[in-house]
There are 2 protein chains.
Amino acid sequence: MANTAKHNRDEVIQKATMLFWEKGFHSTSMRDLQDRIDMRPGSIYAAFGSKEGLFKEALKFYVENSFEKLEGCTKEYSPLRALKQFFVSVVICNDEQRPTEVCMLVKTLTELPPENAELIEEAKGYLKGMEDLFASLLTQAQEEGELDSSKDTRRLARYLQMQLMGLRTYARTNADKESVKQLIDDVFESIRF
Amino acid sequence: MANTAKHNRDEVIQKATMLFWEKGFHSTSMRDLQDRIDMRPGSIYAAFGSKEGLFKEALKFYVENSFEKLEGCTKEYSPLRALKQFFVSVVICNDEQRPTEVCMLVKTLTELPPENAELIEEAKGYLKGMEDLFASLLTQAQEEGELDSSKDTRRLARYLQMQLMGLRTYARTNADKESVKQLIDDVFESIRF
DNA sequence: GATGGACTTGAACGATCGTTCAAGCTAAAA
DNA sequence: TTTTAGCTTGAACGATCGTTCAAGTCCATC
């Protein structure tokens, strides 16, 4: 638990997150993790309890980063434009080292069998939180006159969440960035009416 | 290979498909498969070569069924309505035993690490085929005056493919069928303009 | 320099993984 | 009834899985 340990805890979690995000929970072995974060089994288990425990920390880290990213966009853009910018940065840009276009939460939800019910519920909860954030941004957009006030923001938020899942997964199958960018335009065009 | 074997090959593949679709490639063990299809390792390997070989057969079976399902819809409805009906039946209805809402091809693409490149390419190819079928249905819709002729059907097909990925994945997270039905309505409303 | 406590190490565990293969079974041919 | 060919069986293989733990290392304190 001590941050004075040889391995800075946050740094370790970040590295583990990237690996889990890339390969998924089951395809990432403890051996893979040991190599990536440069820790031996004993240390990992002392710090995180289990592979599942470390994965939970990774999910948390991933979501916190996503929240920060979206909030960063709202500092630069109007609510609606911030959402679109967030979509673009998450679906297309790979200036940083993004291991895959697919959302880690969605990947978790998709790959895990019912045996890992606890992790599944965790991922579902985080996705719900993201949808709530979308909704509050949409409400804000209404207040600022950027979005038609007659719209149901909860419904729109669901719509956007669904779109983002589709966009990211589609981007995984299709390397052509131009057509993906086109799709994002289509999506944000469609919510105007 | 003989169809006269104790286990009918197609029936075995169908059972294997359901299991793989439910649990995914890596979370399905040969033991799970043995129990489900009631065959011993030796027979399975004699018939399919490997776990990966059986999985390929499962993917093929899954796609053939999907094609048939969509084509079945076109027999009953106009092209555009057939597409929507296909979406509904695939995202919402569970009158048959559908192990999960998520598309098996998407699940495969999402869960597999780069090591299984061959299976990944296979799934990508099938998805492309599905998109092509969407496109040809959209063109047909234009010819019958159901869809504005100025639309780019290839672009629309991409859009629908992406939507379907999103819808099915979203349905996995949200049990509320009413809001999912709403989302489908939103999607098909959005392609009219 | 000796002591004590915290962190790290890596060999080893039992379980399970995908896979192999010699032996057994079954039913048609001779 | 005996032979034969093909399918099925399940014990067993080596590899790898997640996990444990006794021993070692490190460093602040006395």
Side-chain angles (χ1 to χ4, degrees), chain A residues 1-17 19-59 108 111-120 122, chain B residues 1-13 15-59 108 111-120 122:
Chain A
M1 306 292 177
N3 261 8
T4 55
K6 173 185 160 191
H7 300 92
N8 177 275
R9 182 168 233 256
D10 289 346
E11 195 182 320
V12 163
I13 292 176
Q14 190 217 309
K15 286 179 182 169
T17 302
L19 189 58
F20 274 133
W21 187 5
E22 180 190 343
K23 308 199 21 155
F25 180 70
H26 276 116
S27 294
T28 302
S29 70
M30 286 302 286
R31 231 149 233 262
D32 294 333
L33 283 166
Q34 288 165 44
D35 294 344
R36 179 68 71 99
I37 70 184
D38 192 29
M39 286 172 77
R40 260 35 65 196
S43 298
I44 300 178
Y45 278 78
F48 302 103
S50 66
K51 183 187 177 186
E52 193 165 319
L54 177 51
F55 189 76
K56 277 188 190 172
E57 291 292 326
L59 279 184
T108 300
E111 77 151 320
L112 290 186
E115 288 94 285
N116 301 97
E118 208 180 320
L119 293 179
I120 290 175
E122 196 116 341
Chain B
M1 306 296 174
N3 259 7
T4 53
K6 174 185 161 193
H7 300 93
N8 177 273
R9 182 168 232 257
D10 290 345
E11 194 183 322
V12 164
I13 291 176
K15 286 179 182 169
T17 302
M18 292 303 160
L19 189 57
F20 275 133
W21 186 6
E22 179 189 343
K23 309 201 18 158
F25 180 70
H26 276 116
S27 295
T28 303
S29 70
M30 285 303 286
R31 229 149 236 268
D32 294 334
L33 283 166
Q34 286 166 44
D35 295 345
R36 180 68 72 99
I37 70 184
D38 191 29
M39 285 173 80
R40 260 38 63 197
S43 296
I44 299 179
Y45 278 78
F48 302 103
S50 66
K51 184 187 176 187
E52 193 165 318
L54 178 50
F55 189 76
K56 277 188 191 174
E57 292 293 326
L59 280 185
T108 299
E111 77 150 321
L112 290 187
E115 288 95 285
N116 301 98
E118 206 179 321
L119 294 179
I120 291 175
E122 196 116 341

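Here is the naming used below: chain letters follow the sequence lines, and residue numbers restart at 1 for every chain.
- Of the possible donor and acceptor atoms, none in the side chain of A:Asp35 sits under 3.5 Å from a partner among the backbone N and O of A:Asp32.
- Annotation: side chain of A:Phe48 is not in contact with side chain of A:Lys56 (no heavy-atom distance under 4.5 Å).
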| Hey, mind stepping through A:Leu112 and A:His26 against side chain to side chain contact (heavy atoms under 4.5 Å, CB included) and telling me if it holds? | CA-CA 8 Å; A:Leu112 290 186; A:His26 276 116; 3.8 Å; yes
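- A donor-acceptor pair under 3.5 Å is formed between the side chain of B:Asn8 and the backbone N or O of B:Glu11.
- Comparing D:dG10, D:dT8, D:dT20 against the side chain of B:Arg40 picks out D:dG10 as the nearest.
- Remark: P of C:dT19 and CE of B:Met39 are 15 Å apart, rounded to the nearest angstrom.
- Protein atom CD1 of B:Ile44 is 14 Å distant from nucleotide atom C1' of D:dC7, rounded to whole Å.
- A donor-acceptor pair under 3.5 Å is formed between the side chain of B:Glu111 and the backbone N or O of B:Phe25.
- When the local axes at the two ends of the helix from C:dG1-D:dC30 to C:dA30-D:dT1 are compared, using 5 base pairs at each end, they differ in direction by 20° after rounding to 10°.
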Enumerate all atom pairs, one protein N or O and one N or O from nucleotides 13-18 of chain C, separated by less than 3.5 Å.
{"residue": "C:dG18", "atom": "OP1", "partner": "B:Thr28", "partner atom": "O", "Å": "3.4"}
{"residue": "C:dG18", "atom": "OP1", "partner": "B:Lys51", "partner atom": "NZ", "Å": "2.6"}
{"residue": "C:dG18", "atom": "OP2", "partner": "B:Met30", "partner atom": "N", "Å": "2.7"}

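- When rounded to the nearest whole Å, the span between CD of A:Gln34 and C1' of C:dT8 equals 12 Å.
- Formation of a donor-acceptor pair under 3.5 Å by the B:Lys51 side chain with backbone atoms of B:Thr28 is found in this model.
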| request: Take A:Met39 and A:Lys15 through the side chain to side chain contact (heavy atoms under 4.5 Å, CB included) test and state the conclusion after the steps. | output: CA-CA 11 Å; A:Met39 286 172 77; A:Lys15 286 179 182 169; over 6 Å; no
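- Whole-Å rounding puts the B:Asp38 CG to D:dG10 P distance at 10 Å.
- Inter-residue side-chain proximity for B:Val12 and B:Arg9 is flagged as unmet; no heavy-atom pair is nearer than 4.5 Å.
- As a whole-Å value, the separation of A:Asn8 CG from C:dT8 P is 12 Å.
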